[in-house]
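To keep things clear, I will list the structure first and then write my remarks on it.
All values below were derived from every heavy atom in this structure, side-chain atoms included, with hydrogens, water molecules and symmetry-related copies excluded. Since we're looking at a predicted model, the values are computed, not measured. One-based numbering, in listed order, for ligands and for the atoms of each.
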Amino acid sequence: MAQRIVVDPITRIEGHLRIEVEVDDHHVIQKAYSSGTMVRGIEIIMRGRDPRQAWAIAQRSCGVCTTVHAFASIRAVEDALDIRIPKNATLIRNLMIAQQFVHDHVMHFYHLHALDWVDVVNALKADPRETSRLAQKISPWPKSSPAYFASIQNKVKQIAESGQLTLFTNGYWGHPAYKLPPEIDLLAVAHYLEALDAQRDFVKIHTVFGGKNPHPNFLVGGVPYPIDPTSDKALNAERLSIIADAIEKMRTFVHQVYLPDLLAIAPYYKEYATLGEGLGNFLSWGEFPREDMKDPDGFLVPRGAILNRDLNTIYDVDPKDMGQVQEFVAHSWYTYNRGDDVGLHPWEGETVLNYTGPTPPYDYLNVEEKYSWLKAPRWKGHPMEVGPLARVLLLYATGHEQTKALVDKTLKLLDAPVDALFSTLGRTAARAIETAVFVDAMQTFYDDLVANIKAGDYRVANTEKWDPKTWPKEAKGVGTMEAPRGSLGHWIVIRDGKVANYQQVVPTTWNASPRDARGQPGAYERALEGTRLLRPEEPLEILRTVHSFDPCMACAIHMIDAHQHTLGTTTVMPSTIVQVYSRLNMTAEPFLTVGDLRGKA
Ligand code: NFE
Ligand code: MG
């Protein structure tokens, strides 16, 4: 008899995701349903705002990818108003974006994903001398003595004996699907703790260029931090040395800790090289411009799409083509004025909330009807996977040498064919591989920036179009970027100097999307099909595959109610928006009302 299993919430942080699966008598997943259960409201709040300040509101979509919505927003406005930014601004933005990737991916691997593979309690059985020997074999990273690992083991022991596992609470410790020897468990736990510390160094790049982290400051037309080697209030030699030092620390950590750990753990989970494949369709908007966003051919990560696993054909993609990107709401708690079966390009997108789900407490969602707060984005009608695997496949397929070397090394170690990339393990490996590529690219961005400054170019912003009087009566733009979790786009319509429509189509909206009007599942939904659960009451296998995408529901639904009203029966998350308004000196009048949330917006 078919059985329904619910995991809710599945995410460790980053908002609430609910997964419902149907398993057969052998506990093999037949169908899966992904539901975003919280609702927020940034696209509604954006209407009528000043486009030059939109980034500050958009950025509050999420505190994890703390910069990406600001970047997508300023790029959208720059595209709409045809603003070219100076070379220094491109390089500084590239450094900030790359830093976000490294920070985010290291945090994901150790703090959001590792414990799906690493049994913390099992680390107590390790011989620290053996862990030390292993650590020294795989990496020159200096923290590797037997005494060091013994001290970590002692720390874990104290936590376990206290009966309060604190940050290790709620793991399925002792589950038979954990396969690592205790020595590797101990190594990973040590690096879990070290990665918490390392983040402090990583974020310095954002704090120098953007004043703070999370949520640094931005500027339409460039970057807000001036360059002046003679001033102590601007980017000068001393501040540059902070950047150089942070890059060095990040590169060391990625190459000596993250990548070696991935390669040490992966061989124990080879079966995941055949599980969790997903759609076989991949999309990337591309990232790291050489000149600026007008030249996609100069991107480090290519812009393009792959269909049906075919790495020989890269399709051109165009975010402005009304027939390419569309969002569907047939199974989402929204209503379109044009009917719930049509797909709308984001320039014509609508955000009208329409909760029709069950009243809590409930057992199951009605998946035949609407069942998620996420819309279902599609590219030319196809559900697409976005994120590290999509980018690495595009880099690999277009012959990027460092990517190719790292992918081939990983496959060789696993004794696996290229097809193994289309899997949970491939997705997790791709994240580490692209981190290595991007962290090394940071050195190039930095060297180019220093060379440009030395050549006497101090320009950081183009403010020619700062005055709304210079703008056309109506303008449309799109700001694309690659965020850590995948392709991100903000589509803006500006009318009479104000935001007339604003739509965000976010990585997690692609990957965690529910079914569309044609009933096609999204990437998580497809990826879970065919996986067998060893213990249905402890569905560790579901966690592994869903976490391999690194879900972020805060980004995906990007809607907010400042007053914590309840929406129908779903609790709405509290907001950081009040803070944004006060900082910007904006009038705080049109917060969302409950009426907005019920669909009168
Ligand atoms: Ni909240 Fe985000 C990223 C964006 S979501 S983390 O990366 O955009 O998918
Ligand atoms: Mg949206």
Check each atom of ligand 1 against the heavy atoms of [X] and keep those under 4.0 Å away; list them by number with element.
X      : result
Pro484 : 7 (O)
Ala483 : 3 (C), 7 (O), 8 (O)
Pro507 : 4 (C), 8 (O), 9 (O)

Phe71-Phe218 aromatic ring centre distance below 6.0 Å: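 Yes - the distance between ring centres of Phe71 and Phe218 falls below the 6.0 Å cut-off.
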
Polar side chain donor-acceptor pair, Gln504 to Ser61, under 3.5 angstrom: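 Yes.
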
Note: Asp104-Arg485 ion pair, threshold 4.0 Å (strictly below):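 Salt bridge between Asp104 and Arg485, a charged N being under 4.0 Å from a carboxylate O: yes.
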
Per-residue contact class, Leu488 against ligand 1 - non-hydrogen pairs under 4.0 Å: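 Near ligand 1, Leu488 shows its side chain, while the N, CA, C and O stay back.
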
N/O/S from Thr509 sitting under 2.8 Å away from the Mg ion (ligand 2):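 No.
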
2.8 Å cut-off met by an N, O or S atom of Glu43 to the Mg ion (ligand 2):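 Checking Glu43: at least one N, O or S atom is under 2.8 Å.
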
Nitrogen or oxygen of His69 less than 3.5 angstrom from that of ligand 1: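 For ligand 1, there is an N or O atom that lies under 3.5 Å from one belonging to His69.
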
Lys212 (side chain) donor-acceptor with His215 (main chain) under 3.5 angstrom: yes

Metal-centred angle, SG of Cys552 through atom 1 (Ni) of ligand 1 to SG of Cys62, rounded to 10 degrees: 110°

Which residues share a salt bridge (charged side-chain N to carboxylate O under 4.0 Å, His left out) with Arg251, sequence neighbours left out: Asp440

Set of ring-ring contact (aromatic ring centres under 6.0 Å, His included) partners for His331, sequence neighbours left out: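 With sequence neighbours excluded, His331 shows a ring-ring contact (aromatic ring centres under 6.0 Å, His included) to Tyr371, given in chain and number order.
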
